[in-house]
Amino acid sequence: MYGRLPNLVIGFHGCDESTFEKVLNQKQMLHSSTNSYDWLGNGMYFWEQNLERAWQWAKESKSVEKPAVLGAVIDLGYCLNLLDSHYLQILKNEYILLKQDIQIAGLPLPKNKGEDKTGNAMLRNLDCAVIEHLHTSRKEANYLPFDSVRGVFWEGDSIYPNTEIKEKNHIQICVRNPNCIKGFFAPRGFVESW
């Protein structure tokens with residue numbers, strides 16, 4: 001009943017300038033990421049309301065030659081909102097189901113790995129597998145599919161001693177349904193004279 005978030009959000013996608021040009025000027029759709037280590041499963045990734053973090057990512061990414069940031073107006077639709085206790089419980093239960101399926105198949109359970117200097121896992125193979133398992137389970141049961149996934153991540157060094165507030169905290173959005181993206185834009189600069 002409360003799975004639809006009622007308003008539009010602004011998302012920012014760090015990318016290469018070539019992707020920026022294709023989406024904004026050639027009207028191509030942003031491609032969904034389908035890596036086995038994607039933090040929130042398969043989809044198009046955005047930093048919610050965080051232009052600076054998108055720029056940081058684009059500048060730090062080894063896959064980006066000329067950093068750029070694409071803005072998007074997003075309706076999250078029916079959202080697997082991992083800031084909501086209800087959906088966290090659903091995901092917790094799905095982990096148990098995935099673990100059972102993996103054991104029956106005689107395969108190893110995926111692991112989150114590849115820690116950064118602060119100990120945060122950067123390759124989220126387990127998280128991706130659990131979320132994708134949930135999407136598959138819902139599809140097989142003919143349940144309403146999630147249009148998007150939204151999660152919070154505590155990342156980076158502490159901003160000062162004895163705090164859990166990190167330099168790169170952010171809310172990440174993974175858009176699965178491309179119809180949730182209402183439009184793309186080039187972020188403007190700040191008008192200093194105002």
Side-chain angles (χ1 to χ4, degrees), residues 3 5 9 11-16 19 30-50 52-64 69-70 72 74 76-103 105 107-139 145-158 164-178 180:
L5 297 174
V9 297
F12 296 100
H13 178 81
C15 59
D16 191 82
T19 300
L30 195 60
H31 294 290
S32 288
S33 180
T34 58
N35 299 308
S36 62
Y37 54 80
D38 287 334
W39 293 25
L40 297 172
N42 299 341
M44 296 169 273
Y45 277 76
F46 298 90
W47 310 92
E48 182 178 303
Q49 305 292 134
N50 199 336
E52 276 305 310
R53 187 65 188 97
W55 272 113
Q56 282 177 344
W57 184 90
K59 290 174 184 175
E60 293 171 1
S61 176
K62 291 178 175 77
S63 64
V64 172
V69 171
L70 189 61
I74 304 166
L76 296 175
Y78 184 44
C79 182
L80 176 59
N81 185 2
L82 302 180
L83 284 85
D84 182 316
S85 298
H86 172 72
Y87 296 105
L88 290 172
Q89 189 60 50
I90 288 173
L91 202 59
K92 183 178 179 180
N93 294 338
E94 196 65 33
Y95 166 78
I96 295 166
L97 297 173
L98 171 68
K99 191 173 174 183
Q100 290 170 352
D101 287 351
I102 294 272
Q103 286 173 340
L107 299 171
L109 190 65
K111 294 181 180 177
N112 291 340
K113 56 189 174 187
E115 292 181 357
D116 67 7
K117 65 180 183 170
T118 61
N120 296 309
M122 299 309 293
L123 302 175
R124 306 287 178 115
N125 297 70
L126 176 60
D127 297 342
C128 186
V130 173
I131 291 169
E132 286 304 312
H133 194 270
L134 174 61
H135 292 310
T136 300
S137 298
R138 291 181 67 80
K139 184 175 183 177
F146 288 109
D147 295 310
S148 62
V149 183
R150 181 174 182 248
V152 64
F153 296 96
W154 309 106
E155 187 184 0
D157 293 324
S158 296
E164 290 301 313
I165 301 169
K166 307 291 185 181
E167 289 178 335
K168 296 182 178 180
N169 289 353
H170 63 276
I171 295 175
Q172 192 81 50
I173 299 168
C174 174
V175 176
R176 297 179 58 81
N177 178 352
C180 290

Flag the pair Arg138 / Pro145 as yes when at least one side-chain heavy-atom distance between them is below 4.5 Å, and no otherwise. no
State which residues pass salt bridge (Lys or Arg N to Asp or Glu O under 4.0 Å) with Glu52; sequence neighbours excluded, sorted by chain then number. none
Does either side chain, that of Ser137 or that of Glu94, offer a donor lying less than 3.5 Å from an acceptor on the other one? yes
Within a radius of less than 6.0 Å around CZ of Phe153, do more than 12 heavy atoms belonging to other residues, nucleotides or ligands occur? yes
By side chain to side chain contact (heavy atoms under 4.5 Å, CB included), His31 pairs with (sequence neighbours left out) none
Val69 side chain near His13 side chain, heavy-atom distance below 4.5 Å: no
Any side-chain heavy atom of Glu48 within less than 4.5 Å of one from Ile173? yes
Please test Arg150 against Leu76 for side-chain contact (heavy atoms from CB on, under 4.5 Å), starting from the C-alpha separation and ending with a verdict. CA-CA 9 Å; Arg150 181 174 182 248; Leu76 296 175; 3.8 Å; yes
Sub-4.5 Å side-chain heavy-atom contact between Phe46 and Leu70: no
Sequence neighbours excluded, the answer for side chain to side chain contact (heavy atoms under 4.5 Å, CB included) partners of Asp147 is Arg4, Tyr78, Asn177, Cys180
How long is the gap from CG on Leu126 to CG on Asn112, to the nearest 0.5 Å? 5.0 Å
Among all residues two or more places apart in sequence or in another chain, which pass the salt bridge (Lys or Arg N to Asp or Glu O under 4.0 Å) test with Glu132? Arg176
Sequence neighbours left out, what passes ring pair (Phe, Tyr, Trp, His ring centres under 6.0 Å) with His135? Give chain and number order. none
Could you go through Arg124 and Tyr37, starting from their C-alpha distance and side-chain angles, then the distance that decides it, and tell me whether this counts as side-chain contact (heavy atoms from CB on, under 4.5 Å)? CA-CA 4 Å; Arg124 306 287 178 115; Tyr37 54 80; 5.5 Å; no
Mind checking salt bridge (Lys or Arg N to Asp or Glu O under 4.0 Å) for Asp38 and listing every partner two or more places apart, or none if nothing turns up? none
Sequence neighbours left out, what passes side chain to side chain contact (heavy atoms under 4.5 Å, CB included) with Asp101? Give chain and number order. His133
Using the side-chain hydrogen bond (donor to acceptor under 3.5 Å, both in side chains) criterion, which residues pair with Gln100? Sequence neighbours excluded. none
Between Ser148 (side chain) and Val175 (backbone), is there a donor-acceptor pair under 3.5 Å? no
Phe12: partners by ring pair (Phe, Tyr, Trp, His ring centres under 6.0 Å), with sequence neighbours left out: none
Mind checking what makes side chain to side chain contact (heavy atoms under 4.5 Å, CB included) contact with Lys59, not counting sequence neighbours? Trp55, Pro67
Is the shortest heavy-atom distance from the side chain of Val9 to the side chain of Gln49 under 4.5 Å? yes
What are the two closest heavy atoms between Gly14 and Ala58, and how far apart are they? CA-CB, 4.0 Å
Residues in side-chain hydrogen bond (donor to acceptor under 3.5 Å, both in side chains) contact with Ser32, at least two apart in sequence or another chain: none
Can you check side-chain contact (heavy atoms from CB on, under 4.5 Å) on Leu134 and Val130, steps first, answer last? CA-CA 6 Å; Leu134 174 61; Val130 173; 5.8 Å; no
The reported gap from CD1 in Ile90 to CG in Leu82 (rounded to nearest 0.5 angstrom) is 10.0 Å
Non-hydrogen atoms of Cys128 and Gly41 that approach each other most closely: SG-CA, 3.8 Å
Interatomic distance, Asp84 atom CG to Leu91 atom CG [nearest 0.5 angstrom]: 12.0 Å
Measuring from Asn93:CG to Leu98:CG, what's the distance to the nearest 0.5 Å? 12.5 Å
side-chain hydrogen bond (donor to acceptor under 3.5 Å, both in side chains) with Lys168: of Glu60, Gln56, Glu155, only one passes, and it is Glu60
When rounded to the nearest 0.5 angstrom, what is the spacing between CE in Met44 and OG in Ser33? 11.0 Å
Listed partners of Asn125 passing side-chain hydrogen bond (donor to acceptor under 3.5 Å, both in side chains), at least two apart: Ser36
Considering only heavy atoms from C-beta outward, does the side chain of Tyr95 approach that of Leu109 to under 4.5 Å? yes
Enter the distance from Tyr45:OH to Gln172:CD here, rounded to the nearest 0.5 Å. 7.0 Å
